[in-house]
**Student:** 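Following this message is one structure expressed as structure tokens.
FYI, side chains are in, hydrogens and waters are out, and symmetry mates aren't considered; it's all heavy atoms of this structure. Lettering of chains follows the sequences in order, A, B, ..., and the numbering in each one begins at 1.
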Amino acid sequence: MEYKVYKNKIVMQNSSEFDIKHILECGQVFRYKVVESGYEVYALEHKARVYCQKDTTTIFCDDTTFFQKYFDFDTDYAKIKSELRDTEILENALELGSGIRILRQDPLEIIISFIISANNNIPRIKKSLERLCERYGVKKGEYYAFPTLQKLKKVPEAFFLEIGCGYRAPYLVKTIQMLSEKFIQSLYSMDIIEARKELIKLSGVGGKVADCILLFGYYRTNVFPCDTWIKKVYVQHFNGDCKLPAGKISEYFVSLYGNNAGFAQQYLYYYKRLKEKKKVKEIKNG
DNA sequence: CCCCAGGCGACTC
DNA sequence: GAGTCGCATGGG
């Protein structure tokens, strides 16, 4: 991918491997919002504004080094896509979500976000996280940083209830008490099986959430989070058994795509959600 | 009223 | 170990 880095911006031309809409709306990140003709995205204490006009994408930000890493600029997505283009459904998904990239996000932010995500819908997850940051994150001008672990340890269960976390509130409190910087760091170098086992020990973290944490928080791309949408993909496009548990479906896709499994999952998830949304709209409009 | 949302924990057997 | 079930909460 070709790009130029300036003092406070990164500029890309004809970037077929970078589409900010695809990146933000494929379910890996919740702290972003639509602004005039672009998006604003928040990561830890940083903020970026991304605009796309014709063939030019511009990332305005406070720290270009941070966001080059965050947007995964060192990975060759053209190569990954060529390796994944093996079936009709993948071909369609790769075309629809051609500009998807897996973000290098902060593990703590991802752990909290995906505990909240369980059996929840995206608008509500976004709202809960926004209110958590507003109350416990450091104010950075007109936005808020994600709370530090130290700050999170002071959040009472009642507050998580107040911001709409529902029955996940006690899970969050319990998990935050279990977390330490050392634990979070230790997972980077841990064997994937072991890391997954450690994450599942956390309250509110099962197999699916653990896979999301590994993929989005630790960039472990040889996992395949299986949720309700992916289940539909498996049944409808891979001739799968609808009674098969999520863990087995996940294993199936990892055996199929190996270190590209996480990427495949994002393309398929984005594809299925968009298609389903479109179908609902069509029904509504007659 | 129903069903669903990026599932998990507790409880069975 | 696999199979049920309840779960807060808001939207369609």
Side-chain angles (χ1 to χ4, degrees), chain A residues 22-32 93 97 100 102-103 105 109-132 156-178 196-217 220 223-236 241-251 253-254 261-286:
Chain A
H22 298 172
I23 292 168
L24 297 180
E25 296 187 356
C26 66
Q28 59 179 324
V29 56
F30 303 108
R31 291 185 50 220
Y32 69 90
I100 286 175
I102 294 187
L103 298 172
Q105 299 188 73
E109 193 169 335
I110 290 294
I111 291 169
I112 303 304
S113 300
F114 279 88
I115 289 175
I116 295 174
S117 82
N119 196 24
N120 207 342
N121 57 61
I122 290 174
R124 243 189 60 200
I125 300 163
K126 289 177 70 169
K127 208 162 152 194
S128 294
L129 287 167
E130 193 181 337
R131 293 182 63 188
L132 176 65
E157 189 178 316
F159 183 76
F160 284 123
L161 277 172
E162 197 184 312
I163 62 176
C165 295
Y167 62 86
R168 308 162 196 86
Y171 303 160
L172 288 161
V173 173
K174 219 178 285 178
T175 284
I176 289 164
Q177 294 316 313
M178 291 167 77
R196 197 167 188 273
K197 224 187 295 177
E198 286 299 312
L199 285 169
I200 287 173
K201 287 180 189 167
L202 300 173
S203 184
V205 178
K208 190 267 173 181
V209 171
D211 285 342
C212 286
I213 295 169
L214 289 167
L215 179 57
F216 305 133
R220 297 297 191 97
V223 300
F224 193 97
C226 179
D227 67 344
T228 53
W229 301 97
I230 287 296
K231 222 170 217 177
K232 286 176 194 167
V233 171
Y234 177 66
V235 172
Q236 290 168 14
D241 170 14
C242 65
K243 302 300 280 181
L244 201 66
K248 293 288 179 191
I249 297 174
S250 175
E251 278 175 29
F253 281 108
V254 171
F263 298 101
Q265 197 272 359
Q266 287 292 271
Y267 294 113
L268 290 171
Y269 173 83
Y270 182 74
Y271 176 87
K272 196 66 197 169
R273 268 199 79 215
L274 214 65
K275 288 288 173 190
E276 209 77 11
K277 246 197 267 179
K278 198 179 160 198
K279 214 192 285 177
V280 171
K281 214 178 195 177
E282 280 169 5
I283 292 165
K284 220 167 70 180
N285 296 337

**Student:** For A:Cys26 and A:Gln266, which heavy atoms make the closest approach, and how far apart are they?
**Tutor:** SG-OE1, 3.0 Å
**Student:** For residues 223-231 of chain A, which residues have at least one heavy atom under 4.0 Å from DNA chain B?
**Tutor:**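 Contacts with DNA chain B under 4.0 Å: A:Pro225, A:Asp227, A:Thr228, A:Trp229.
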**Student:** Would A:Glu130 and A:Lys127 count as a salt bridge (charged side-chain N to carboxylate O under 4.0 Å, His left out) here? Give the steps.
**Tutor:** CA-CA 5 Å; A:Glu130 193 181 337; A:Lys127 208 162 152 194; over 6 Å; no
**Student:** Check the pair A:Phe224 / A:Tyr269 against ring-ring contact (aromatic ring centres under 6.0 Å, His included), numbers first and verdict last.
**Tutor:** CA-CA 11 Å; A:Phe224 193 97; A:Tyr269 173 83; over 10 Å; no
**Student:** So A:Glu276, base contact, sugar-phosphate only, or nothing? Heavy-atom distance under 4.0 Å.
**Tutor:**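 Here A:Glu276 touches no strand at all.
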**Student:** Shortest non-hydrogen contact from A:Arg168 to A:Cys165?
**Tutor:** NH1-O, 2.8 Å
**Student:** So A:Lys232, base contact, sugar-phosphate only, or nothing? Heavy-atom distance under 4.0 Å.
**Tutor:** sugar-phosphate
**Student:** Check each residue of residues 164-178 of chain A for a non-hydrogen atom within less than 4.0 Å of any atom in DNA chain C, then write out the ones that pass by number, or none.
**Tutor:**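 When residues 164-178 of chain A is checked for heavy atoms under 4.0 Å from DNA chain C, the hits, listed by number, are A:Gly166, A:Tyr167, A:Arg168.
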**Student:** Going by the rule side-chain hydrogen bond (donor to acceptor under 3.5 Å, both in side chains), which residues pair with A:Arg196 if we only count those two or more places apart in sequence or in a different chain?
**Tutor:**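 If we apply the side-chain hydrogen bond (donor to acceptor under 3.5 Å, both in side chains) test to A:Arg196, skipping adjacent residues, the hits are A:Asp211.
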**Student:** According to side-chain hydrogen bond (donor to acceptor under 3.5 Å, both in side chains), who are the partners of A:Glu25, at least two apart in sequence or on a separate chain?
**Tutor:**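 For A:Glu25, the residues satisfying side-chain hydrogen bond (donor to acceptor under 3.5 Å, both in side chains) (neighbours in sequence not counted) are A:Lys21, A:Tyr39.
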**Student:** Determine the interatomic distance between P on B:dC11 and the same-named atom on C:dA8; round to the nearest Å.
**Tutor:** 14 Å
**Student:** With heavy-atom distances below 4.5 Å as the criterion, would you say the side chains of A:Phe216 and A:Val29 are in contact?
**Tutor:**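 Not touching, per the 4.5 Å side-chain cut-off.
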**Student:** Nearest whole Å is fine: how far is C:dG10 C1' from A:Ile125 CD1?
**Tutor:** 12 Å
**Student:** How close do A:Leu215 and A:Pro225 get, heavy atom to heavy atom, and via which atoms?
**Tutor:**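 Between these two residues, the closest heavy atoms are CD2-CD, 4.0 Å.
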**Student:** What is the separation between atom CZ on A:Arg273 and atom C1' on B:dC4, rounded to the nearest whole Å?
**Tutor:** 12 Å
**Student:** Between C:dA8 atom P and A:Ile163 atom CD1, what is the distance in whole Å?
**Tutor:** 16 Å
**Student:** Quickly work out the A:Glu157 CD to C:dA8 C1' distance and round it to whole Å.
**Tutor:**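 Checked: the CD to C1' distance equals 12 Å.
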**Student:** Considering only the C1' atoms, how many Å lie between B:dA5 and C:dG3, rounded to the nearest integer?
**Tutor:** 22 Å
**Student:** How far apart are the closest heavy atoms of A:Ala93 and A:Leu268, and which atoms are they?
**Tutor:** CB-CD2, 4.1 Å
**Student:** When we call it a touch if two heavy atoms are under 4.0 Å apart, what does A:Gln266 touch: a base, just sugar-phosphate, or nothing?
**Tutor:**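 It contacts base atoms.
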**Student:** Relative to the 5' end of DNA chain B, which residue comes earlier, A:Leu202 or A:Tyr269, by the nucleotide with the nearest heavy atom?
**Tutor:** A:Tyr269
**Student:** Answer with base, sugar-phosphate or nothing: what part of the nucleic acid does A:Phe216 contact at a heavy-atom distance below 4.0 Å?
**Tutor:** base
**Student:** A:Arg131 and A:Ile163: which non-hydrogen atoms are nearest, and at how many Å?
**Tutor:** CB-CG2, 3.7 Å
**Student:** Considering only atom P, compute the distance from B:dC2 to C:dG6 and round it to an integer number of Å.
**Tutor:**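 The same atom, P, in both gives a distance of 14 Å.
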**Student:** Mind checking ring-ring contact (aromatic ring centres under 6.0 Å, His included) for A:Tyr267 and listing every partner two or more places apart, or none if nothing turns up?
**Tutor:**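 By the ring-ring contact (aromatic ring centres under 6.0 Å, His included) rule, A:Tyr267 matches no residue at all.
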**Student:** Which heavy-atom pair separates A:Lys208 from A:Asp227 by the least distance, and what is that distance?
**Tutor:**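 Minimum heavy-atom contact is CE-CB, 3.8 Å.
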**Student:** Can you pull out the residues from residues 109-121 of chain A that lie within a 4.0 Å heavy-atom distance of DNA chain C?
**Tutor:** A:Asn119, A:Asn121
**Student:** In whole angstrom, what separates A:Ile249's CD1 from C:dA2's P?
**Tutor:**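 So the two atoms are 14 Å apart, to the nearest Å.
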